[in-house]
Undergrad: 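Quick one: the structure is below, questions incoming.
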Amino acid sequence: MMVSLTARAANRRCTVLCFIIFSLAVLVCTDDNYYDLLGISRASSSREIRQAFKKLALKLHPDKNQNDPTAHDKFLKINRAYEVLKDEDLRKKYDKYGEKGLDENQGGHYESWSFYRYDFGIYDDDPEIFTLDKGEFDGATNSGEVWFVNFYSPGCSHCHDLAPTWREFAKEMDGLIRIGAVNCRDERMLCRNRGINSYPSLYIFKAGMNPVKYFGDRSHGSLVNFAMKYVSSAVTELWAGNFRSSLENSFASGVGWLITFCADSGDCLSTQTRLKLAGMLDGLVSVGWMDCTTQADLCDNLEITTSATAYFPPGANLADKEKSGVLFFSSLDTKEIYKEVMELLPNLEMLSSDSLKDRLTHHRWLIFFTHGYDQQFDLPDFKKLNVLLRGEHVQVGRFDCQSSPSTCSSLYIHKPCVAAFKGKGVKDFEIHHGKTNVYELVTFAKDSVNSHVITLGPKNFPGNEREPWLVDFFAPWCPPCKALLPELRKASKRAFGQVRFGTLDCTIHEGLCNMHNIRAYPTTVVFNQSNIHEYEGHHSAEQILEFIEDLRNPSVVTLTPTTFRELVKGRGHDEIWMVDYYAPWCGPCQALMPEWKRMARNLNGLINVGSVDCQKYSSLCNQEYVQAYPEIRLYPANFKNPNSYQTYNGWQRDSYALKSWGLSFLPKMATELTPENFNEKVLKSQDHWVLDFYAPWCGPCKQFAPEFEFVARLLTGKVKAGKVDCQAYGHICQSAGIRAYPTVKFYPYVGSKKKNVEGEHVDSRDAKDIVNTVTARLGVLQKQNKASRKDEL
Ligand SMILES: *[C@@H]1O[C@H](CO)[C@@H](O)[C@H](O)[C@H]1NC(C)=O
């Protein structure tokens, strides 16, 4: 007895251990290769990946290693690693399934050495220039800061000509506006959606304003002049008439003055420096200048004898400048003065643990959590946040975890971080996982307080009994995870009231993540009571929402061996089934899944749609001789043998093509019309008719035919459907005024003895569209009919 118990316990321990070893093995063999090849960590940003690859490419390129017969193969390997890791979706797939999820040909093509030397990542070594990809672009350009973005292509010589100027320009404008670059070769979709059709294209972006294209010459001076127009910078000329009132007004709202006095001797700040400072200090400090040659008395009073520049803090006493904190600057340099002024401004408010609860219940906050003093969170630039977030009614503060360790540990905050509280108490918050710079923080704060994504921990992790939750298991170092977060926020707003959204940091809550068997990041799962549905789609809000909608109203039946036997093999003689045999790790299968669901929804139940997970039910798939994934089969109606099926061999696996294919198996409902019954049945009867005029040789007509069958079914009982072959009966089509094939026309019965032979043109080839048009038209006719009958009475 004892022995067997011990043995069983040992056995169980082994299972646990084996499992852990197994998962480690998965991690090691799938993850380390590509990252190791490029010599980077799994947390690398896209800029770091490009930089690492470029370095290797210049060294290992076959052009430079012509005596090495293995150079080509070696280079293909690192090229493949780069091509996969630079793409957010492929990178996630690779992290999750290793190479087996990828297309074999990925990275099979590379460029010459000189491409990597001269055309590749051309702004990656400039800290002032942000190379934006599609995931970052919207957030950055909507952050409230002004962005000037250079859309370029590496192959374009004008782009290279501009590069040195663009770099210099970026250095000069640093702190005033953000300078961006988009490589349109890498970001084709982003550039196409933005309507970029020549390179370089330079655009100003500012929240709440349409982008403005720059048409001027590409010189440094012209670029600065143009960009300055979009900087909100007001420099007030001060004189005896407005001096005191201007100062008092600003002081009253806690804002000080930076004033440059221009006298006969010495130097005051140049007009451009004043403007720049006004832009950089917008909302924080008022900027003015005074001409001491015309305001001699005033300058005398202030004891200013030569040109000078000074900061007057709120409440400064002009009679006792030194004591009241007025500070004179010796520098004339924009950045130096900016830095000194920022240091003089009061720091962000430090919140106390006593008041925290109360204040978080009544206001939205962005809070910096530290453990004692933390240099990384003490940047002068952060003092701008209050101004930038004022419009969203978000206050900005600090909290020192050392002042109340229990507060921080109850929030599972163990490391310095920034979090947004949504104004609904201490629990409703989200931790920021991007870079801690001003524009990312602003974007995050705005986005977070307006969305419904919260940071989860063991205390608020959804249990079985609650409402549906979407949980994103992630690691803060994983770039695809970061890219997903804004999409989750977007989706959470639209799914509000249906599904709650939370994120769980697996580096902190390892236990919970292990319990859910999380093997790759991010893993996104919907919990609905005891049901768990893993999301496999792209990182886009649209597809996440579609996924949720499909959970609420499933369009595809998830088949098991039992239901497959009962529903598909045991289907009725009038039933059709379409089945997708797939494997979760297969890329084309993943691409098919949303299209498959969309197709199923569009079929309105006319055809049953199912899917079989061949990883889970491998014996079923073996028994059905499924050879490759995905395999799409249709089990027709009116069969002799329930096992017989048709396989889809089309190139396109989009919902439209698949739907047409499925519909072509339905028995025909539309009547083929002859001249005789066109006259008798259509024109002279009291039925409504919708007709498809086609020619047998016309390709689009063939494509449209199943869609029209769909129309016929959707309108059954209300409107009859017919088809006219315009090759056989040219004169019908001529008299109906047909000029193109296929043409759809509606022939409603409106009470006359004979309908108009021309009918009513319906300008669509989409079944639902056509049905909507026809139904709306019938509604109108019925109303008119009623009205005229009343008149007759
Ligand atoms: C959750 O499950 C319930 C009951 O099964 C269902 O009605 C609801 O649509 C589901 N919601 C989601 C989002 O899956």
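Remember, it's 1-based here, ligands and their atoms both numbered in the order they're listed.
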Undergrad: Name all pairs fulfilling the ring-ring contact (aromatic ring centres under 6.0 Å, His included) condition that reach into residues 556-576, sequence neighbours left out, sorted by first residue then second.
TA: His573-Phe639
Undergrad: Using a 3.5 Å cut-off on N/O to N/O, what pairs does ligand 1 make with the protein? A line per pair would be great.
TA:
from     : atom 1 : to     : atom 2 : distance (Å)
ligand 1 : 2 (O)  : Asn528 : OD1    : 3.2
ligand 1 : 2 (O)  : Asn528 : ND2    : 2.3
ligand 1 : 11 (N) : Asn528 : ND2    : 2.9
ligand 1 : 14 (O) : Asn528 : ND2    : 3.0

Undergrad: Please collect all disulfide bond (SG atoms under 2.5 Å apart) contacts where either partner lies in residues 505-578, sequence neighbours excluded, each pair once.
TA: Cys506-Cys513
Undergrad: Is the distance between the ring centroids of Phe205 and Phe137 less than 6.0 Å?
TA: yes
Undergrad: Looking at Pro486, Ser448, Ser492, which one forms a side-chain contact (heavy atoms from CB on, under 4.5 Å) with Val453?
TA: Ser492
Undergrad: For Cys478, enumerate each residue passing the disulfide bond (SG atoms under 2.5 Å apart) test, keeping only those at least two apart in sequence or located in another chain.
TA: Cys481
Undergrad: Compute the centroid of each ring, for Phe527 and then for His516, and state whether the two points are separated by less than 6.0 Å.
TA: yes
